[in-house]
A.B. asks: 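First the structure, then my questions, so here it is.
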2 protein chains.
Amino acid sequence: MEFAYDIYENRCPTRLVLDRLADKWALLILDRLQSGPVRFNQLKRDIKGISQKVLSQTLKKLERDGLLVREVFPTVPVTVEYSLSELGTTLNESVSALAHWAEHNMDAVLAAQSEYDNRAP
Amino acid sequence: MEFAYDIYENRCPTRLVLDRLADKWALLILDRLQSGPVRFNQLKRDIKGISQKVLSQTLKKLERDGLLVREVFPTVPVTVEYSLSELGTTLNESVSALAHWAEHNMDAVLAAQSEYDNRAP
DNA sequence: CTCATATGGTTTCTTTTAGATACTTACTTA
DNA sequence: TAAGTAAGTATCTAAAAGAAACCATATGAG
């Protein structure tokens, strides 16, 4: 059978998930975790510009969706490691592709932008 | 040489582009345009729940970034067609993958969510 | 002639979200 | 004693998203 879900439908639950994935910070977090578990403050240092609040919120949502796993180690001070779940790793390729497309095509985008801006106002 | 751009850097211009791509509506628009040119109101009808304002804004931004092309035909009333640019088509696979991952994995996500919600509060 | 429809938008207003900053608890090291 | 690290909350403000109405122009229905 076909999928019961349709991303083009307004009230389809997939819309909620797309909204989660289609987020700059979520993509950067998922991309960063591809090479293995990373701790909270390491993520904060690596993903430059993210605030603690947004990092915390985004991690919680991604954990709730089963895309990543949060593990607490009773060290002093406590250590919290985040890693991709099995489900999360199925996104690896698409996430990388999207997150790094910009790096590969930035020059073309910048050219398009200035061409656009120089057209008649 | 390596890329001059790094998506993990705060002030890197790629962040602006990632922010554009990492948008629910932008992804749905790019996905919808993969099969050929589509007119404004057709997009509005197909992508259920999008408002005219957001559709208009998102199309404008994607056009400015050179990802899609806007073509006006002097019919009555005027016809405006949007289609993927060459640059835009290079995103096809990643966009499809991300936009439709939710349809394929929705059940797993819903299960993860209720499991999460049933844990200790 | 008037009403309803279609086109592709813009304007306005309200609600939601994001971002910046400061604070918290607990322990270690200089 | 003060500063640093860890993993977060809480609070406040600025920006963005969403809903709804409006606009110009034109055609077809009644």
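In what follows, chains are A, B, ... by sequence order, proteins preceding strands, each numbered from 1. Just so it is clear, the structure is predicted and the values come from calculations on it, not from any experiment.
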A.B. asks: Are B:L110 and A:L91 grouped together when hydrophobic residues (ILVMFWY) are joined by side-chain heavy atoms under 4.5 angstrom apart?
C.D. replies: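 The answer is yes; both residues are in one hydrophobic cluster.
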
A.B. asks: Assess whether a salt bridge exists between A:D117 and B:R64, defined as any Lys/Arg side-chain N lying under 4.0 Å from an Asp/Glu carboxylate O.
C.D. replies: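 Yes, A:D117 and B:R64 are salt-bridged.
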
A.B. asks: Mind calculating the distance between NZ (B:K48) and P (D:dA19) to the nearest angstrom?
C.D. replies: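 Atom NZ in B:K48 sits about 16 Å away from atom P in D:dA19.
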
A.B. asks: Can you check each nucleotide of nucleotides 9-23 of chain C against protein heavy atoms at under 4.0 Å and return B for base, S for sugar-phosphate only, - for none, in 5' to 3' order?
C.D. replies: BBBB-----BBB-B-

A.B. asks: Taking atom CD of A:Q57 as the centre, does the number of heavy atoms from other residues, nucleotides or ligands within less than 6.0 Å exceed 12?
C.D. replies: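 Yes.
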
A.B. asks: Could you check if a side-chain atom of A:L59 sits within less than 4.5 angstrom of a side-chain atom of A:F40, using non-hydrogen atoms only?
C.D. replies: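 Yes, side chains in contact.
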
A.B. asks: Check this for me, if you would: do B:E81 and B:R39 make a salt bridge, where the nitrogen-to-carboxylate-oxygen distance has to be below 4.0 angstrom?
C.D. replies: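 Not counted as a salt bridge, because no side-chain N and carboxylate O are separated by less than 4.0 Å.
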
A.B. asks: From CG of A:N41 over to P of D:dG8, roughly how many Å is that when rounded to an integer?
C.D. replies: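 Computing the A:N41:CG to D:dG8:P distance gives 9 Å.
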
A.B. asks: On the nucleotide D:dA7, are OP1 or OP2 found under 4.0 Å from the side-chain N or O atoms that A:R39 carries?
C.D. replies: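 Yes, within the criterion.
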
A.B. asks: Would you indicate what A:T75 reaches in the nucleic acid, counting non-hydrogen atoms under 4.0 angstrom: base, sugar-phosphate, or nothing?
C.D. replies: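 No contact at all - A:T75 keeps every heavy atom at 4.0 Å or more from the nucleic acid.
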
A.B. asks: Send over the distance from A:L43 CG to D:dG8 P, rounded to a whole Å.
C.D. replies: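 Going from A:L43 (CG) to D:dG8 (P), I get 10 Å.
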
A.B. asks: Look at A:R119 together with B:E63 and state whether they make a salt bridge at an N to O cut-off of under 4.0 Å.
C.D. replies: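 Salt bridge between A:R119 and B:E63, a charged N being under 4.0 Å from a carboxylate O: yes.
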
A.B. asks: Establish, with yes or no, whether the OP1 or OP2 oxygen of D:dA6 is under 4.0 angstrom from a side-chain nitrogen or oxygen of A:R45.
C.D. replies: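 It does, given that an N or O in the side chain of A:R45 lies less than 4.0 Å from OP1 or OP2 of D:dA6.
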
A.B. asks: Round to the nearest Å and state the distance from B:E81 atom CD to C:dG8 atom P.
C.D. replies: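 It works out to 10 Å between those atoms.
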
